[in-house]
Asks: 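Take a look at the following structure, please.
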Amino acid sequence: MALTDDKLLQMYQTMIRIREFETKVQEFFAAGKIPGFVHLYIGEEAVATGTCAVLQPKDYITSTHRGHGHLIAKGGDLKRMMAELFGKRTGYCKGKGGSMHIADVELGILGANGIVGGGGPIANGAALAAQYRGTDQVAVCFFGDGAANQGTTQEAMNLASAWKLPVIFVNENNGYGISCPTCKSMAVADIADRAAAYDMPGVVVDGNDVLAVYEAVGEAAARARRGDGPSLIECKTYRWRGHFEGDVCTYRDEAELQTWMEKDPIKRLGERLRDQGILTDDRDRSLREAVAKELEEAVSFAEQSPLPAPEEVLEDVYA
Amino acid sequence: MALTDDKLLQMYQTMIRIREFETKVQEFFAAGKIPGFVHLYIGEEAVATGTCAVLQPKDYITSTHRGHGHLIAKGGDLKRMMAELFGKRTGYCKGKGGSMHIADVELGILGANGIVGGGGPIANGAALAAQYRGTDQVAVCFFGDGAANQGTTQEAMNLASAWKLPVIFVNENNGYGISCPTCKSMAVADIADRAAAYDMPGVVVDGNDVLAVYEAVGEAAARARRGDGPSLIECKTYRWRGHFEGDVCTYRDEAELQTWMEKDPIKRLGERLRDQGILTDDRDRSLREAVAKELEEAVSFAEQSPLPAPEEVLEDVYA
Amino acid sequence: MPLKTYLQAINEALAQEMERDPDVFIMGEDVGPFGGCFGVTKGLYERFGEKRVKDTPITESAIIGAATGAAAAGLRPVCEIMFVDFIGVALDQLFNQAAKMRYMFGGKAKIPMVLRTPQGAGIGAAAQHSQSLEAWFAHVPGLKVAMPATPYDAKGLLISAIRDDNPVVFLEHKLLYGVEGDVPDEIYTVPFGRAAIHRFGDDVTIVATAKMVHTALEAAEILARDGISAEVVDPRTLVPLDSETIIRSVQKTHALVVVHEAVKHAGFGAEIAAQVAEAAFDYLDGPIMRVAAPFTPVPFSPPLEQAFLPNAGDIVAAVRKIRG
Amino acid sequence: MPLKTYLQAINEALAQEMERDPDVFIMGEDVGPFGGCFGVTKGLYERFGEKRVKDTPITESAIIGAATGAAAAGLRPVCEIMFVDFIGVALDQLFNQAAKMRYMFGGKAKIPMVLRTPQGAGIGAAAQHSQSLEAWFAHVPGLKVAMPATPYDAKGLLISAIRDDNPVVFLEHKLLYGVEGDVPDEIYTVPFGRAAIHRFGDDVTIVATAKMVHTALEAAEILARDGISAEVVDPRTLVPLDSETIIRSVQKTHALVVVHEAVKHAGFGAEIAAQVAEAAFDYLDGPIMRVAAPFTPVPFSPPLEQAFLPNAGDIVAAVRKIRG
Ligand SMILES: Cc1ncc(C[n+]2csc(CCOP(=O)(O)OP(=O)(O)O)c2C)c(N)n1
Ligand SMILES: Cc1ncc(C[n+]2csc(CCOP(=O)(O)OP(=O)(O)O)c2C)c(N)n1
Ligand SMILES: [Mg+2]
Ligand SMILES: [Mg+2]
């Protein structure tokens, strides 16, 4: 699909929104204003952005413990996201879920997930509903390199291919599952090679090139909407921060991080757009100011929102 | 490995022992003397026989719900097996296990298994013990085409390859998981193709040709003993009986069964051995008489053995 | 009323709800043309077709996950796990995903799915095909748990389960499949959280579930001969649990025996005993007894399996013990 | 005695047993150089090497299965599941395989393995990282279940667990990792099936587990100020359970409150209450109370999480309720 300038700038801005959101989360977590665990997406923005740029609101995604980027890219509201991280009643989950469980079913976001490999079977279910109803919706399952080894993920890929479900398995290979490098968790170099085990197309893309991701996911989505079944797309990328905030990354060296930071997906798209004359300094500044403003609002919304009342613990268990 | 005449005749006899054992089980189940479920191995004898002919007593196997053939091939005692099926105190499990749980840890038989896909992770563990101790033992995981789709099986293959464990995954592809043909449970034609997902060798062999199985497993075992890790061997075969006794096989047609019965693994090896002058009519008769006699004894042992006493229900829970 | 088996009642409930609501569909291993391992879904594939009666690979996590995702997307899946014993390969999708989604998401999701699965010993299927695991499910907030004991309840509870907007674990007892009882042809529901009093009595309350309801009724007969009048109560659903009916019965009889087939230790009977020991303590004339399986896996051989299973004699003995 | 944290006590037990017995080794996610998600295995990789401190892929079924198979082959694996909440993807290997092998095989196998895993809420980790699931494990014949509340018990029970010839589920409480207590440097064992009486009293027995033992002791302090003398009993292992000590205490105090962090409904507290309601009924002066979490998933936001967790006030209120 040819990309309009607007769409390109939108993708550029979405990556910036993710980056800035995560940067704020990092600050507030350090400041002790965000309880629990947070797993930041900084450095991987191109994967969620390129993928969700293909999707429509009616399409589904299942996310992971590292889900903020997916949610933002799929259209999540920064205010309610930030409020949820702060544990406020105005958050997406009324403070019941937190970082690992933010969802927006209206937007097709079936939730971040605290269980590694938890999303695949659920994405199949959403895709099955689309197939059952004869709509052209697709479901994207985001999962990490570590999650690729979980039985649930592999079962999900098999069922999706056996039933030709409209699912796109988007693997975010950032090289590590917490401290465990992919080379120790699996013998294959490319997770995409596993697609053949289920007779589905499998491709490796540069996960820091948002356009490459967009392209690959676009093809997979078209295929899925045609009724030709699932695909596996492995996006090679890297997380700049620790596994969770607080992790000091003793298991990887600075040099590795540096080389990846040079592949900053935002800088790369920015330069591309500048070369093509699509992005000017003014435009860039205004984009960033808009994001900054949006975040200011999200943060003050989160800070000013009330905490849930203790008795709310008992609500929302059953429909 | 070159096979001596004796070894060839042994393999021939082992297949006959399995066939005759299962035929007796079929009779006694029909006669109501065997409680519970029995899943017969008739038609698949070459897989267990060719595989276990490679193994030594110190090597391990994990079996399945269709395990009688594996146990016999690994050296299981027909008396105690039959007694167990009859629910007698003299059985392998003192009547506590039955068909789906017969084991002989001394012989490296870590049990039949009532859970499809249950054996893979356990076979890894036995192989890990061998690796840990630096012995040259190997572990064989028998599993069916249906079990290939279970997450546990796929996790087990990944861990075995990531750790280069001395495991041989022997897939018994008999075309069905109960009523479900492989073409409906997976999109790939050959389960062996899944080996690539874990960077291990994967081969398809004629599961009704005991020598082909022996050859393939022999190579895999040598590889495993060398420390080069696991292999996947898919044996294409067929079960002549229903999934369990009582299943009338509405899901497959007679013609399919007939073509497979013509590929009877016992007849095939018999003819081969005759052509090579290794098997004579006399020898064949004496072999079969020996088996018949052994089974007579097993059956009368089973019939004459006492049932467990009710209070034994409380024994053997904890060591 | 027409006589039907427990199995037919379940089959009829599935058929009638599928007829009524196009969003209801079935998924599971061999549930299609084969009709299910026990024959519960027989005829449904022929009647509703491949789209609504789906055979799956052997992949329980993917089955429950597919049901969860489809339910989150608005359908009403009824999935089958061939034996409850297999839940261990797939429990995460049920207890961390389906059961918790609504709460974790702040009440913004509905997961209207049913997981049907048979429990119970008595057919020589041994340790991995004979368990009763209701206590596990009843400990999971977000799940509802139904355990029908009669054909009538099987149909009515299953229809309620399918119409419920929450994930429901529907526990069938494989030894009840052949049991006959009155089952109306028309659609009806048995509400969740309402116990059934199968026999009224004044001297002791026997709370029993699933197949043990029938065993308790046998025991009640025996006790009646000695002039002991037992009230037999079946909660029918463990979540929600009709504590009120149980407590009211104990307030009347002043004695309680709880019976189930699952192993006693940390079994659901403990929950019932504990609730009564808190809420009706002053009404009790004697100790609360539990009759349940010993703390062992289910053995294979018939004499062992029979020794494992609680029987009417055990219940009678327990009642006698209370009455000193 | 030297002061050590609960975490250090566990780490020391692992190190000393690995030192003593070359068949003991560790497996789990990030247990190697990383030292474990909570730091429990810190230093062990450096000390014992890659062979005995094995990082695994994210593959819990394969981890537990590898431990089971290795144990069946004679080794003594100690595997870690990073959070007990993850057990749902791997429970089959534990409850149908490891736990039942010995029985199914007629007593001819030994599975000397330990599964270590942290439980508990209180760090804002939400519904899938905060549960207490001991009731599930305690319902599985063939498993033993330990739940240490103090650094001393953590070390001694873990050494017993490693030396036990059966599969042991060793449940640590993540909020206790930082708690300090006296822990001898030398090797010692705390036997399974022996409860600890942490405080002696005459008016009420409070049975509590894990972190709730400390909460119960707080409550006992408060009650003491009103002249109510509470006895605080910690079973330490749920399987085997030291029913005798609990019952003897109730026979003395005539009152029982059971406390745990898991949700109350079908929680293990029900088993304790039920045993006492059967075996010590005549000694009870009033209802048996349970103090435990409400029937909801664990919420994220601190005020909700605090409302979820039982506290000393709840225990005091329960005691007051019994005493009318
Ligand atoms: C079933 C399960 N096992 C383990 C964990 C603990 N855990 C959380 S994130 C993580 C690493 C995941 O690695 P990967 O899938 O590569 O995702 P990434 O963190 O790299 O984005 C682990 C082991 C979990 N949450 N769930
Ligand atoms: C986890 C689990 N799911 C389902 C079953 C029920 N079941 C028993 S055997 C079987 C079919 C297995 O097929 P396959 O692996 O091909 O082995 P085969 O019977 O063909 O030898 C099924 C579904 C089970 N025992 N365990
Ligand atoms: Mg990763
Ligand atoms: Mg098969």
Side-chain angles (χ1 to χ4, degrees), chain B residues 34-38 65 84-89 91 93-102 112-118 144-154 176-182 184-186 243-244 247 249-251 306-318, chain C residues 28-39 41-42 45-46 50 54-65 82-83 85-90 92-93 121-131 263 265 293-309 311:
Chain B
I34 294 177
F37 293 103
V38 289
H65 58 284
E84 186 59 33
L85 297 185
F86 276 64
K88 300 302 184 77
R89 177 195 273 147
C93 314
K94 305 184 191 167
K96 291 193 163 87
S99 172
M100 282 192 284
H101 305 299
I102 301 180
N113 208 310
I115 300 299
V116 169
D145 48 286
N149 299 317
Q150 190 65 272
T152 50
T153 303
Q154 300 180 74
Y176 295 86
I178 305 187
S179 72
C180 189
T182 52
K184 287 189 75 185
S185 64
M186 60 183 74
H243 170 68
F244 38 57
D247 168 19
C249 297
T250 48
Y251 47 84
L307 286 164
E311 57 274 18
E312 291 173 35
V313 68
L314 300 178
E315 298 167 5
D316 301 319
V317 180
Y318 292 96
Chain C
E29 292 157 15
D30 306 287
V31 297
F34 194 69
C37 183
F38 292 96
T41 56
K42 270 229 176 336
Y45 177 90
E46 292 68 17
E50 188 158 20
K54 305 181 77 67
D55 273 329
T56 67
I58 303 167
T59 182
E60 286 78 10
S61 288
I63 293 168
I64 298 177
M82 198 181 283
F83 288 74
D85 311 71
F86 309 155
I87 198 66
V89 297
D92 183 74
Q93 287 291 318
I123 60 169
Q128 295 173 342
H129 288 74
S130 305
Q131 297 169 84
V263 298
H265 196 260
F295 200 53
T296 78
V298 182
F300 161 69
S301 187
L304 299 176
E305 191 180 32
Q306 286 313 309
F308 173 89
L309 289 168
N311 59 41

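Not measured: the values here are computed from a predicted model. Residue numbering restarts at 1 for every chain, and letters A, B, ... go by the order of the sequence lines.
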Asks: Go through B:Asn149 and C:Thr59 one step at a time and tell me if the side-chain hydrogen bond (donor to acceptor under 3.5 Å, both in side chains) criterion holds.
Replies: CA-CA 6 Å; B:Asn149 299 317; C:Thr59 182; over 6 Å; no

Asks: Check whether B:Glu84 gets within reach of chain C through its side chain, its backbone, both or neither, counting any heavy atom under 4.5 Å.
Replies: both

Asks: Below 4.5 Å from any heavy atom of chain B, which atoms of C:Glu60 appear? Answer side chain, backbone, both or neither.
Replies: both

Asks: So, for B:His101 and C:Ala127, which heavy atoms are closest and what is the spacing to 0.1 Å?
Replies: NE2-N, 4.2 Å

Asks: Between B:Pro310 and C:Ala307, which heavy-atom pair has the shortest distance, and what is it?
Replies: O-CB, 3.6 Å

Asks: Which heavy atom of C:Cys37 sits nearest to which heavy atom of B:Phe244, and what is that distance?
Replies: SG-CE2, 4.3 Å

Asks: Looking at side-chain heavy atoms only, is the closest gap between B:Pro308 and C:Pro303 below 4.5 Å?
Replies: yes

Asks: So which part of C:Thr56 gets closer than 4.5 Å to some heavy atom of chain B, the side chain, the backbone, both or neither?
Replies: backbone

Asks: Need one label for C:Thr296: side chain, backbone, both or neither, based on atoms under 4.5 Å from any heavy atom in chain B.
Replies: both

Asks: Please lay out, stage by stage, how B:Met100 and C:Phe300 fare under the test side chain to side chain contact (heavy atoms under 4.5 Å, CB included).
Replies: CA-CA 10 Å; B:Met100 282 192 284; C:Phe300 161 69; over 6 Å; no

Asks: Of the non-hydrogen atoms in B:Asn113 and C:Gln128, which two are nearest, and what is the gap between them?
Replies: OD1-OE1, 3.4 Å

Asks: Might you point out which heavy atoms bring B:Ser179 and C:Asp30 nearest each other, and give the distance in Å?
Replies: OG-OD1, 2.6 Å

Asks: Assess the residue pair B:Ile178 and C:Met82 against the criterion (side chain to side chain contact (heavy atoms under 4.5 Å, CB included)); give the C-alpha distance rounded to whole Å, side-chain angles, the decisive distance to 0.1 Å, and a yes or no.
Replies: CA-CA 12 Å; B:Ile178 305 187; C:Met82 198 181 283; 3.7 Å; yes

Asks: In Å, rounded to the nearest 0.5 Å, how long is the span from CD1 of B:Ile115 to CD1 of C:Ile58?
Replies: 11.5 Å

Asks: Does any non-hydrogen side-chain atom of B:Thr250 lie less than 4.5 Å from one of C:Pro33?
Replies: no

Asks: Where does B:Ala148 contact chain C at under 4.5 Å (heavy atoms): side chain, backbone, both or neither?
Replies: neither

Asks: Could you walk me through whether B:Val116 and C:Phe86 pass side chain to side chain contact (heavy atoms under 4.5 Å, CB included), step by step?
Replies: CA-CA 9 Å; B:Val116 169; C:Phe86 309 155; over 6 Å; no

Asks: Measure across B:Ala309 and C:Leu304 and return the closest heavy-atom pair with its distance rounded to 0.1 Å.
Replies: O-CD2, 3.4 Å

Asks: If you round to the nearest 0.5 Å, how far is NZ of B:Lys184 from CD of C:Glu50?
Replies: 4.5 Å

Asks: On the 0 to 90° scale, with breaks at 30° and 60°, tag the C:Phe83-B:Phe37 ring pair as parallel, tilted or perpendicular.
Replies: perpendicular

Asks: Between the side chain of C:Ser301 and the main-chain N/O of B:Gly87, is any donor-acceptor distance below 3.5 Å?
Replies: yes

